[in-house]
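Start at 1 and go down the list; that is how both ligands and their atoms are numbered. Hydrogens, waters and symmetry mates are skipped; everything else that's a heavy atom, side chains included, is used. These numbers were taken from a predicted model, which means no experiment stands behind them.
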Amino acid sequence: MNEHPVWSYVHRAQGDLHALSNAVWATPETCYAETRSAAAHVAELKRQGFTVTENIAGIPTAIMGEAGEGGPVIAFLGEYDALAGLSQIADLVERKPMEQGANGHGCGHNLLGSAAMLAAVAVRDWLRDTGTPGRVRYYGCPAEEGGAGKTFMVRDGAFADVDIAISWHPHSIPAVMLGSSLANARVDFSFTGRASHAAASPHLGRSALDAMELMNVGVNYLREHMPDSARIHYAIIDGGGISPNVVQGETKVRYVVRDKTAPEMLKLLARVRKVAQGAALMTETEVQDEVLAAVSNLIPNDPLCAAMQRNLDLLGPPPFDDLDRAYAARFQATMTEEDIATAYESVGMRPRADLALPDFVVPEGTPVPALAGSTDVADVSWVVPTVQLWGATYAIGTPFHSWQMVAQGKSPLALKGMTHAAAVMAATGVDAILDSDLRKRARDDLAARVGPQGYVCPLPSEAEPPVAAMAGK
Ligand SMILES: Nc1ccc(C(=O)N[C@@H](CCC(=O)O)C(=O)O)cc1
């Protein structure tokens, strides 16, 4: 059998990290409120003998563990934030929350952080046993879902001395991530009017709710006149209260504005601001906005993608068995044909209907498309050569941010997929430690793509990590 020298270390350490993933699955916490999940990651890093730094960039749930000496610095990036409202009973093939309205790991970040740490532990053990100079780090990064934890960490210089960054994301088909992702900003628009009795003195009131509704309508018209690549969505944070007989004096709406690159996204944001100002003018209210978070577009790295592909090809698909396939088939039966087609298309492959779990890896040369969403890994990828894997941890077709993803999150198949992703990442890390030419080509590739202007942080300089604004949201 083809073997990479680090794989025996991955297999030896996997039990501890499966336990961490299951513990994090059971304490789902959202954006900047991941206190128990971060504490579990810190405890495991210490138990594994890593030197831990907490409170990175002033964020209580941002952590880092380091081991090894000298040599290059290889970083494995992890996440552990969950999503609101997705609580779900494990392994149950129907929608049923464990606790109504509670959080759930609907994007697989319980697996994401634990596999990244498993890769770090395996590389550390390999460094020690082979006496190779090199340092390995695990970065526990909070608030990927909308909080741009890594952008704030990058701005604080947390990755300044890192040579190579490696990460992954749970999915259903194993593939190297070749494409980019969308830049975005998350902006709160707050309208202030004047409250008044809606029947007795409506003429004295100035409605902040009218203003917010007009802004939303105006942006709906703006959508007709923006680039195809752009996306705008919003959520009402504060509709001004539940009393129709009060002219609503204060409201707040949160926008996400996305486009291919940060400069294009910021141009579109300026147009959204004009719509907000127009709405305020029409209603004689005031509007203020605050950028809570922002991320750039991902920069893929050809030499590192090729190195990761070699390891993925060497390893093959995860060793799923008949029980895993039967389990996955029951979940796949809850999905639509379109869900399944979307999973294949997201890794550049033609849909097929005959598989609940992959018995293949996406071959080199497949046009794996850009990520349709955004990720704060992007900002790391602007300052450090970065490579990522799509791991296979769920039935093919499992949608992101769905109850099905939560339900499968601690199944044997998810944990096998987690170990598999860790093995591909660890091997790529070891290759980067051993091969200074690979590191140089990765650096050159990044420099060529970034261009002379360098990285420009998409956050306004006054923005602070929105720990209080986002915690629990
Ligand atoms: N490999 C992935 C990375 C991120 C996501 C994702 O769904 N990200 C969210 C949050 C990203 C953000 O707002 O920064 C999104 O696009 O809405 C999905 C797959």
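Remark: of the listed residues Glu79, His109, Glu29, Glu29 is the sole one forming a side chain to side chain contact (heavy atoms under 4.5 Å, CB included) with Ser37.
Of all heavy-atom pairs between Val10 and Ala422, the closest is CG1-CB, 4.2 Å.
In this structure, Ala148 does not count as a contact residue of ligand 1, since none of its heavy atoms falls inside 4.0 Å of the ligand. Residue contacts with ligand 1 leave out Gln388, since none of its heavy atoms falls under 4.0 Å from the ligand. At least one heavy atom of Glu144 sits less than 4.0 Å from an atom of ligand 1.
Between Trp390 and ligand 1, a contact under 3.5 Å exists for no N or O pair. Residue Thr375 has no N or O atom closer than 3.5 Å to an N or O atom of ligand 1. For ligand 1, the polar-atom distance check finds no N/O of Asp376 at less than 3.5 Å from any of the ligand's N/O atoms.
Using bins of under 30°, 30° to 60° and over 60° for the plane-to-plane angle, the ring pair His169/Phe400 lands in the perpendicular bin.
Looking from atom 17 (O) of ligand 1 to the surrounding protein, the closest heavy atom is Arg258 NH2, 2.8 Å. In terms of protein heavy atoms, atom 7 (O) of ligand 1 is closest to His401 NE2, 3.7 Å. Nearest protein heavy-atom neighbour of atom 12 (C) of ligand 1: Asn184 ND2, 3.4 Å. Atom 9 (C) of ligand 1 has as its closest protein heavy atom Glu145 OE1, 3.6 Å. For atom 6 (C) of ligand 1, the nearest non-hydrogen atom of the protein is Ser374 O, 3.7 Å.
Residues Asp238 and Arg254 have side chains not in contact (no heavy-atom distance under 4.5 Å, counting atoms from C-beta outward).
When heavy-atom distances to ligand 1 are checked against a 4.0 Å cut-off, Lys150 has no atom that comes that close, whether in backbone or side chain. Neither the backbone nor the side chain of Leu182 comes within contact range of ligand 1; no heavy atom lies under 4.0 Å.
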